[in-house]
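Note sheet for the following structure.
Positions are given from 1, in the same order as the sequence printed here. None of the values given here were measured: they were computed from a predicted structure. Order of listing sets the numbers, starting from 1, for every ligand and every atom in it. These numbers come from the heavy atoms of this one structure, side chains and all, not from hydrogens, waters or symmetry mates.
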Amino acid sequence: MQYISTRGQIQAVSFKEAVMMGLADDGGLLLPVTIPQLNAEDLAAFTDLTYPELAQRILSLFVEGLPPTDLKNLIDRSYGSFDHPEVTPVVRQGGLYILELFHGPTLAFKDVALQFLGNLFEYLLKERGEKMNIIGATSGDTGSAAIYGVRGKENIHIFILHPHQKVSLIQELQMTTVTDANVFNLAIRGTFDDGQRIVKEIFGDLEFKTRLSLGAVNSINWVRVLAQVVYYFYAFSRVKKDTGCSEVYFSVPTGNFGDIFAGYIAKRMGLPVRRLILATNENDILSRFVSRGDYSIAKVVETPSPSMDIQLASNFERYLYYLLDENPAEVRRSMAEFSRSGRLSFDVSLQQRVAQDFLSGSATCTETIRTIRDFHQKTGYVLDPHTAIGVKVGQQLAEGDCPLICLATAHPAKFGDAVLEATGTPPIMPASLKGIEQRPRRCDIIDADTETIRRFVVRNSC
Ligand SMILES: *Cc1c(COP(=O)(O)O)cnc(C)c1O
């Protein structure tokens with residue numbers, strides 16, 4: 001499979017080049033030249049596969065140049081780190097299905113992709129005789145999933161900036177208790193925005209970027225989307241077994257449009273999804289886009305679901321490419337207009353096309369907490385605040401004749417304050433968090449100054 005850019009100004013690249021490139025060199029995002037098609041017979045054959053077996057089937061359709069045994073080995077190592085034998089189990093609760101994506105080492109769905117990406121990076125770097133220094137800024141969740149993805153890996157060093165004393169205690173501990181020699185936690189004396197700005201400035205120096213082989217693990221890497229496609233098929237096969245249904249809804253708590261875009265790819269591959277339900281918190285640019293064709297940026301507000309406090313959805317451009325009939329010139333025109341004016345609006349005929357694939361809604365902070373409380377009272381099951389948004393919007397929009405699968409993107413223990421507020425009891429701590437306060441930590445507190453951080457990276461690069 002070859003990969004092209006949404007902006008159409010690079011030559012098609014191989015899978016391996018696409019992995020290493022991240023963002024396409026023309027500023028666009030990479031997509032496969034064609035989307036493989038699966039039929040009902042293929043889907044039926046998935047029913048009895050384990051998660052790693054299914055991952056092998058799906059990933060093989062997009063990966064090239066990797067011997068099947070090597071791919072199997074990467075998959076087995078990536079999902080062997082999950083604490084549930086089914087990797088992403090589906091549970092039935094309160095009249096719907098919950099796809100639990102939080103059994104990885106950092107208890108959030110980002111592990112599904114980043115465990116695999118970390119192993120794949122190590123494999124490809126070794127093959128190419130290269131090294132990589134990963135730099136990223138985090139407000140909490142992505143940083144720890146990225147750190148766990150590459151800890152202890154050869155030829156990779158990772159530098160993650162987080163705002164000193166401005167992430168939750170659990171998030172801070174998840175990052176700083178990783179003491180592997182290739183992991184550098186930098187607590188900057190500043191905000192998350194300072195961190196992002198510094199990372200951007202460092203990447204903006206192209207000579208420095210090349211000299212140090214800088215890499216990123218942000219949500220624009222195609223492999224992150226690809227790895228997430230697998231669990232849509234997995235969940236469908238489990239629910240079909242249970243109900244004999246011919247189609248399903250998926251409700252997806254959405255921030256950067258990465259997770260739900262993976263569902264869109266699955267749908268285009270032939271997975272019978274009636275609609276993908278896009279659920280946002282009060283940062284609702286994406287649900288305004290789906291419901292009225294209004295994609296216009298607003299100020300970010302803080303909510304109890306911080307991983308969705310996002311206005312600029314970095315994967316949106318991938319969807320735009322398909323919406324605009326795979327016409328890169330149109331994508332370039334739209335993206336230029338968006339960066340000029342901060343808004344795009346879509347006419348009725350395009351809105352109707354969006355509506356064939358998506359429904360959307362949003363939940364306020366109060367509704368989020370109330371959903372956690374009500375669901376807990378009704379079922380005894382504890383939702384994290386992100387998952388609760390998907391449950392609330394999904395219940396509102398899904399029609400009763402078709403099963404609803406809600407993606408559970410984080411373990412409730414990661415967001416103890418919201419759970420305590422909603423249910424009156426703190427969430428049960430999973431084994432991986434027990435005693436985390438007592439573990440040794442490794443973290444450098446550093447000024448939020450680009451030059452200081454650049455020097456730190458040079459000194460500690462691989
Ligand atoms: C990142 C994240 C999301 C949003 O996922 P996107 O792919 O950015 O849409 C939702 N919930 C949790 C817990 C997350 O960490």
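In terms of polar-atom proximity, Phe109 is not counted as a contact of ligand 1, lacking any N or O under 3.5 Å from an N or O of the ligand. Considering backbone and side-chain N/O atoms, Lys110 comes within less than 3.5 Å of an N/O atom of ligand 1. Below 3.5 Å of separation, one finds an N or O of Phe257 facing an N or O of ligand 1.
Of all atoms in ligand 1, numbered sequentially from 1 with element shown, those under 4.0 Å from a heavy atom of Ala410 are 13 (C). Every atom of ligand 1 with a heavy atom of Thr254 under 4.0 Å away is listed here by number and element: 9 (O). Residue-ligand proximity, Gly258 to ligand 1, at heavy-atom distances under 4.0 Å covers atoms 6 (P), 7 (O), 9 (O). Of all atoms in ligand 1, listed by their number and element, those nearer than 4.0 Å to a heavy atom of Gly255 are 4 (C), 6 (P), 8 (O), 9 (O).
Ligand 1 lies out of reach of Phe102, whose nearest heavy atom is not under 4.0 Å from it.
Taking the centre of each ring, Tyr51 and Tyr79 come in below the 6.0 Å mark. A centroid separation of less than 6.0 Å is found between the aromatic rings of Phe415 and His386.
Atom CD of Glu437 is surrounded by more than 12 heavy atoms from other residues, nucleotides or ligands within 6.0 Å. For CG of Leu350, the number of neighbouring non-hydrogen atoms (other residues, nucleotides, ligands) closer than 6.0 Å is greater than 12. Heavy atoms from other residues, nucleotides or ligands lying under 6.0 Å from CG of Asp417 number 12 at most.
Put simply, the side chain of Glu326 reaches to within 4.5 Å of the side chain of Tyr321, judged on heavy atoms.
No donor-acceptor pair under 3.5 Å is formed between the side chain of Thr254 and the backbone N or O of Phe257.
Of the candidates Val225, Asp259, Thr409, Thr409 brings a heavy atom nearest to atom 13 (C) of ligand 1.
Of the protein's heavy atoms, Asn256 N, 3.4 Å lies nearest to atom 6 (P) of ligand 1.
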